[in-house]
Amino acid sequence: MFYTTERDKMRQFYADTWRKARSNQTLDAMETRVARVIEKHPEYHRMLENQAHLGNDYAPEDGETNPFLHMGMHLALEEQVSLDRPAGIQAVYEQMTQKTRDFHATEHEMLECLGEALWQAQQTQGQPDEIAYLQCLQQRVLILNPNHKRTDA
């Protein structure tokens, strides 16, 4: 299978950032954001520390999660919330965090809807439907048990 140079560069960036963070080197703003996401995912630390794993394929049909996609979605979600784009996502984030009492659990709940929105956009070869995305998020807020804490990545 052919791999793009961009994919390899992005994966190397994650590994290099993690190495720098572990050795207490100065990180720029983006590296700091990436390092924080990596810190929240100890299940990916060993993979990032072993360069041989950077080229791995991750097949969803085999039940595998692509750690780079997962961490990238965390970064995208952080950006969406900080910009309140789509409009209303900050409020949903705050409501959900009040119920989960855990920022990372909130992000994982929200990633379910983000993943669905991205999948739908890919299927239609169009832009993500922001209205459907927000509706999915709002529905998750309504059904979320206040004592719910996710433990999966």
Side-chain angles (χ1 to χ4, degrees), residues 1-83 85-86 89-90 92-93 96-97 99-130 132-134 136-137 139-141 143-145 148-153:
M1 179 172 260
F2 177 74
Y3 299 108
T4 68
T5 305
E6 294 306 311
R7 183 193 86 158
D8 294 342
K9 284 181 186 176
M10 184 273 305
R11 288 180 174 195
Q12 190 63 55
F13 176 75
Y14 276 81
D16 292 345
T17 296
W18 184 235
R19 180 188 43 75
K20 285 175 70 174
R22 285 188 355 262
S23 62
N24 295 316
Q25 294 181 35
T26 303
L27 303 175
D28 66 26
M30 188 63 195
E31 289 170 330
T32 299
R33 290 181 62 216
V34 169
R36 277 196 307 249
V37 169
I38 294 170
E39 285 171 3
K40 295 176 189 176
H41 293 88
E43 68 276 17
Y44 301 151
H45 294 178
R46 290 178 69 201
M47 179 270 305
L48 288 167
E49 293 164 6
N50 183 343
Q51 298 285 321
H53 294 296
L54 295 183
N56 288 0
D57 284 325
Y58 301 93
E61 58 273 10
D62 294 334
E64 296 179 311
T65 298
N66 181 329
F68 300 101
L69 175 61
H70 182 81
M71 292 184 288
M73 288 176 62
H74 272 284
L75 293 167
L77 184 61
E78 287 176 6
E79 185 88 359
Q80 289 176 341
V81 171
S82 74
L83 297 173
R85 175 122 206 271
I89 198 167
Q90 270 182 357
V92 169
Y93 180 82
M96 199 172 283
T97 301
K99 288 190 172 195
T100 65
R101 297 185 180 105
D102 180 298
F103 295 111
H104 195 229
T106 293
E107 289 178 11
H108 277 229
E109 289 294 332
M110 294 177 80
L111 288 180
E112 296 292 330
C113 293
L114 178 57
E116 176 67 21
L118 294 174
W119 184 84
Q120 288 293 338
Q122 184 180 32
Q123 298 308 301
T124 62
Q125 298 180 358
Q127 296 294 315
D129 182 341
E130 290 184 354
Y133 177 40
L134 278 173
C136 177
L137 291 169
Q139 186 64 30
R140 288 188 88 82
V141 169
I143 62 173
L144 190 61
N145 179 333
H148 178 79
K149 277 197 162 191
R150 290 188 62 146
T151 56
D152 61 331

Asker: Are Gln139 and Ile143 packed together at the side-chain level, in the sense that at least one heavy-atom pair is separated by less than 4.5 angstrom?
Answerer: yes
Asker: Taking the side chain as every heavy atom from C-beta outward, state whether Gln90 and Tyr93 have any atom pair closer than 4.5 Å.
Answerer: no
Asker: With distance as the sole test, does Arg140 use its side chain to make a donor-acceptor pair with the main-chain N or O of Glu109 at under 3.5 Å?
Answerer: yes
Asker: How would you list, by chain and number, every residue that makes a side-chain hydrogen bond (donor to acceptor under 3.5 Å, both in side chains) with Asn50, sequence neighbours excluded?
Answerer: His53
Asker: As a quick check of understanding, evaluate salt bridge (Lys or Arg N to Asp or Glu O under 4.0 Å) for Lys40 and Glu107, giving each step before the final call.
Answerer: CA-CA 11 Å; Lys40 295 176 189 176; Glu107 289 178 11; 3.8 Å; yes
Asker: Go through the structure and list residues passing salt bridge (Lys or Arg N to Asp or Glu O under 4.0 Å) with Glu39, not counting sequence neighbours.
Answerer: none
Asker: Kindly indicate whether the side chain of Trp119, heavy atoms from C-beta on, has any atom under 4.5 Å from the side chain of Leu114.
Answerer: no
Asker: Does Gln123 have more than 12 heavy atoms from other residues, nucleotides or ligands lying within 6.0 Å of its CD?
Answerer: yes
Asker: Test of understanding: with side-chain contact (heavy atoms from CB on, under 4.5 Å), list the residues that count as partners of Asn66, not counting sequence neighbours.
Answerer: Arg11, Tyr58, Phe68, Leu69
Asker: Applying salt bridge (Lys or Arg N to Asp or Glu O under 4.0 Å) as the test, list every pair that has at least one member in residues 19-32; sequence neighbours left out.
Answerer: Lys20-Glu31, Arg22-Glu49
Asker: Say you draw a straight line from CD of Gln25 to OG1 of Thr17; how long is it, rounded to the nearest 0.5 Å?
Answerer: 10.5 Å
Asker: Indicate yes or no for a side-chain donor-acceptor contact from Glu130 to the backbone of Pro86 under 3.5 Å, with no hydrogens or angles considered.
Answerer: no
Asker: Does Arg36 have any side-chain hydrogen bond (donor to acceptor under 3.5 Å, both in side chains) partners at least two apart in sequence or in another chain, and if so, which?
Answerer: none
Asker: Would you please test Val37 and Glu78 for side chain to side chain contact (heavy atoms under 4.5 Å, CB included) and show each step?
Answerer: CA-CA 10 Å; Val37 169; Glu78 287 176 6; 3.6 Å; yes
Asker: Between Thr100 (side chain only) and Asp102 (backbone N and O only), is there a donor and an acceptor less than 3.5 Å apart?
Answerer: yes
Asker: Could I get the full list of side-chain hydrogen bond (donor to acceptor under 3.5 Å, both in side chains) partners for Glu116, not counting sequence neighbours?
Answerer: Gln120
Asker: Could you walk me through whether Ile38 and Met71 pass side chain to side chain contact (heavy atoms under 4.5 Å, CB included), step by step?
Answerer: CA-CA 7 Å; Ile38 294 170; Met71 292 184 288; 3.6 Å; yes
Asker: Donor-acceptor pair, Glu64 side chain versus Ala59 backbone, under 3.5 Å?
Answerer: yes
Asker: What's the separation between atom CE in Met110 and atom CG in Leu77, rounded to the nearest 0.5 Å?
Answerer: 5.0 Å
Asker: What residues, two or more places apart in sequence or in another chain, satisfy side-chain contact (heavy atoms from CB on, under 4.5 Å) together with Gln51?
Answerer: Gln12, Ala15, Leu54
Asker: Please report the interatomic distance OG1(Thr65) to NE2(His41), rounded to the nearest 0.5 Å.
Answerer: 10.0 Å
Asker: Report, as yes or no, whether the 6.0 Å neighbourhood of atom CD on Gln125 holds more than 12 heavy atoms from other residues, nucleotides or ligands.
Answerer: no
Asker: Looking at CG of Asp16 and NZ of Lys9, how far apart are the two atoms once the value is rounded to the nearest 0.5 Å?
Answerer: 13.0 Å
Asker: Less than 4.5 Å apart, any side-chain heavy atom of Val81 and any of Val92?
Answerer: no
Asker: So do the side chains of Tyr133 and Cys113 get within less than 4.5 Å of each other, counting heavy atoms only?
Answerer: yes
Asker: Count the heavy atoms belonging to other residues, nucleotides or ligands that lie under 6.0 Å from CZ of Phe13, then report whether that count exceeds 12.
Answerer: yes
Asker: With a 4.5 Å limit on heavy-atom distance, are the side chains of Leu75 and Met30 in contact?
Answerer: yes
Asker: Look at the aromatic rings of His74 and His108 and report parallel, tilted or perpendicular, splitting at 30° and 60°.
Answerer: tilted
Asker: Output all residues satisfying side-chain hydrogen bond (donor to acceptor under 3.5 Å, both in side chains) with Tyr14, sequence neighbours left out; order by chain, then residue number.
Answerer: none
